[in-house]
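Everything on this sheet refers to the single structure shown next.
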Amino acid sequence: MKRFVLALAAVVAFSFVTVAQPKAVGLRVGNYGVDVSYENYVGENDFLEFELGMDNVFNTDAFHLDGVYNFMIAHPDWTAEGQWGFYVGPGASVAVWDNGKNENVVYAGLLGNVGLEYIFDFPLQFSLSLRPRLMFGDGKVRRNGLLTLGLGVRYMF
C-alpha cells in the first residue's frame, strides 16, 4: 500500500510539472518506417520524445516504441524569425519483429538521437534526426537500425 501511495504521488507531481511545458505531436517519417511522435519539454530546453511506429509500412508485424531524453546543445541564430536547435540524447526501445519463421519476437535495446530542429513563429516544428539503435532479443543482436534517418513534422501546443 505504501508503494502504491508513493507511485501515485510521483505521477501526480510529474503531471503538475509537465502541464505548463510546451508539447508537440506529429509524425516522424524515416527510411525504416513511420512513427507517431509526441514531445514534452522538460525545463527550458530539454525534451522527452516518445514514438510509436511501424518499422516497415508494408509489414504490420514489425513495430516499435521509442523513448528518448534529448538535451538541447545549441540554438544557432541563423534566421531572424523562428528558432533553430541542435539536440542529442540517449533512449530505449522495445520492438516486435518477425524472426523469419513466422514468429514474432520481442526485442529491447538502446538508442541514441542526434538532430536539428526548426520551430516556426507559428506552432509548427520540423526536425531531421539520426537515430542509431542496437536491439537485443531471441539470442541475437540486431544492428539493422544503425542508420535510421527521420524527418519529423509536429504541431506544437
Any donor-acceptor pair under 3.5 Å from [X] side chain to [Y] backbone:
X     : Y      : result
Asp46 : Met72  : yes
Asn31 : Leu149 : yes
His75 : Trp84  : yes

Any side-chain donor near an acceptor of the partner, Ser93 and Arg133, under 3.5 Å: yes
With rounding to the nearest 0.5 Å, note down the distance linking [atom1] in [X] to [atom2] in [Y].
X      : Y      : atom1 : atom2 : answer
Leu27  : Leu151 : CG    : CG    : 10.0 Å
Gln125 : Met156 : CD    : CE    : 5.5 Å
Glu117 : Asn70  : CD    : CG    : 8.5 Å
Gln83  : Asp77  : CD    : CG    : 9.5 Å
Leu52  : Arg28  : CG    : CZ    : 13.0 Å

Parallel, tilted or perpendicular, judged at 30° and 60°: which one describes the rings of Trp78 and Phe86?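 Ring orientation of Trp78 relative to Phe86: perpendicular.
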Path from [X] to [Y] over hydrophobic side-chain contacts below 4.5 Å:
X      : Y      : value
Phe126 : Phe157 : no
Val94  : Leu134 : no
Val68  : Phe71  : no

To check you understand the geometry: which heavy-atom pair defines the closest contact between Ser129 and Tyr87, and what is its length?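 Minimum heavy-atom contact is CB-OH, 3.8 Å.
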Could Arg154 and Glu51 be called an ion pair, given the rule that one side-chain N must be under 4.0 Å from one carboxylate O? yes
Pick from Val42, Asn113, Val88: which one makes a side chain to side chain contact (heavy atoms under 4.5 Å, CB included) with Tyr69?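 For Tyr69, the side chain to side chain contact (heavy atoms under 4.5 Å, CB included) test succeeds with only one of Val42, Asn113, Val88, which is Val42.
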